[in-house]
Engineer: 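Here it is, the structure in full.
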Amino acid sequence: SIQAFKDSIDTHLKVHHSFKKILEDENKVWIGELDDLEDIIEKLENGDEVDWVERENYYDADKFDKGQLSRDLATDIEIFELMKDYTSNLKAENDDKLLRLIELLKSDELLGKKIIIFSCFESTVKYLYENIKTILPKVDYIAGGKGLYDKIKRFAPVANKAKIRPEEEIKVLITTEVLSEGLNLQD
C-alpha cells in the first residue's frame with residue numbers, strides 16, 4: 001500500500017540517521033540487530049551506559065573509510081528525504097489498488113458477504129480500514145491482539161457460539177497474519 005511504502009521510507013530514514021549518529025559520535029559501525037538500534041540511540045541520548053561488544057553489535061570505524069561511509073550515508077538520507085517529499089502527496093484517491101479493492105467489495109458478487117482481507121503490514125491494515133469504513137458498512141480491523149476475540153466473535157458468531165446483535169456483526173474484516181491459523185472464522 002501507499003502507507004506501507006511511506007512507513008518503509010520513514011524506517012529507512014530513522015535507521016540511517018541512527019547509524020550515522022553512532023558512526024560520528026561513537027566512532028563505531030553498527031552491526032547489531034535493527035530492533036536494538038532504537039534502544040542504543042535512546043541510551044546514548046540519555047547518557048546511559050551502552051554495552052558495546054565488538055563483532056557483536058559494532059566494528060571499530062577506524063577499520064573503514066569513515067569519511068566515505070559518512071558521505072554515503074548522507075547521500076542515502078538525502079535520497080530518502082526526496083522520496084518522502086515525492087510521496088507526501090500520494091493520497092488514497094490516487095491509489096489504484098485501493099480503488100480496485102473497493103470496487104470489488106462493492107460488486108454484486110461480494111456485497112454483503114463475509115470477507116477477510118489479510119496483509120503482512122499493520123500500517124496497510126489500518127490504511128485499508130480507514131479508507132473502506134466510510135464506504136462499506138460493518139467493516140473492522142485487527143492488528144495485534146487488542147480486541148481480537150471480540151472481533152472474531154463479531155465476524156463469525158455462529159462458529160464461535162456468540163450472541164451478538166445484527167448491528168454488531170462484522171462483514172469485512174481486515175487483519176494481519178494474526179488470524180491466519182488456528183481460529184474458527186467460518187460461519
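Nothing fancy with the numbering, it's 1 onward along the sequence.
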Engineer: Could you check Phe5 against Thr87 for side chain to side chain contact (heavy atoms under 4.5 Å, CB included), going step by step and ending with a plain yes or no?
Structural biologist: CA-CA 9 Å; Phe5 185 66; Thr87 59; 3.6 Å; yes
Engineer: Are the side chain of Lys43 and the backbone N or O of Asp51 linked by a donor-acceptor pair below 3.5 Å?
Structural biologist: no
Engineer: For Lys21, is there an ion pair with Glu26 - N to carboxylate O distance below 4.0 angstrom?
Structural biologist: no
Engineer: Is any side-chain N of the basic residue among Glu122 and Lys126 closer than 4.0 Å to the acidic one's carboxylate O?
Structural biologist: yes
Engineer: Which heavy atom of Leu104 sits nearest to which heavy atom of Leu110, and what is that distance?
Structural biologist: O-CD1, 3.3 Å
Engineer: Quick check on Glu109: does its CD atom have over 12 non-hydrogen neighbours (other residues, nucleotides or ligands) under 6.0 Å away?
Structural biologist: no
Engineer: Is NZ or CZ of Lys151 both nearer than 6.0 Å to the six-membered ring centre of Tyr141 and within 45° of the ring axis?
Structural biologist: yes
Engineer: Under the side chain to side chain contact (heavy atoms under 4.5 Å, CB included) test, which residues partner Lys114, sequence neighbours left out?
Structural biologist: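 With sequence neighbours excluded, Lys114 shows a side chain to side chain contact (heavy atoms under 4.5 Å, CB included) to Phe155, Pro157, Glu169, Lys171, Asp187, given in chain and number order.
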Engineer: If you apply the rule salt bridge (Lys or Arg N to Asp or Glu O under 4.0 Å), what do you find for Glu130 with Lys133, and how did you get there?
Structural biologist: CA-CA 6 Å; Glu130 289 299 324; Lys133 71 179 182 179; 3.1 Å; yes
Engineer: Can you check whether Leu69 reaches Asp65 side chain to side chain, under 4.5 Å on heavy atoms?
Structural biologist: no
Engineer: Do NZ/NE/NH1/NH2 and the carboxylate oxygens of Glu81 and Lys84 come within less than 4.0 Å?
Structural biologist: no
Engineer: Please work out whether the ring planes of Tyr58 and Trp52 are parallel, tilted or perpendicular, with thresholds of 30° and 60°.
Structural biologist: perpendicular
Engineer: Determine yes or no for a side-chain-to-main-chain donor-acceptor pair under 3.5 angstrom, with Arg154 supplying the side chain and Ile170 the backbone.
Structural biologist: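 No, Arg154 side chain to Ile170 backbone: no donor-acceptor pair under 3.5 Å.
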Engineer: Please test Arg165 against Glu167 for salt bridge (Lys or Arg N to Asp or Glu O under 4.0 Å), starting from the C-alpha separation and ending with a verdict.
Structural biologist: CA-CA 5 Å; Arg165 296 186 307 271; Glu167 64 271 11; 2.8 Å; yes
Engineer: Any idea which heavy atoms bring Glu54 and Asp60 closest together, and the distance?
Structural biologist: OE2-N, 3.6 Å
Engineer: Just by distance, with hydrogens left out, do Glu24 and Ser70 show a side-chain donor and acceptor under 3.5 Å apart?
Structural biologist: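 There is such a pair between these side chains.
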Engineer: Ignoring hydrogens and angles, state whether a donor on the side chain of Asp36 or Asn57 is under 3.5 Å from an acceptor on the partner side chain.
Structural biologist: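 Side chains of Asp36 and Asn57: no pair found under 3.5 Å.
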Engineer: Would you say Lys138's side chain and Pro166's backbone share a donor-acceptor pair under 3.5 angstrom?
Structural biologist: yes
Engineer: Quick one: list whatever passes side chain to side chain contact (heavy atoms under 4.5 Å, CB included) with Asp95, sequence neighbours left out.
Structural biologist: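 Checked Asp95 against side chain to side chain contact (heavy atoms under 4.5 Å, CB included); matches are Ile2, Lys97, Leu98, Tyr127.
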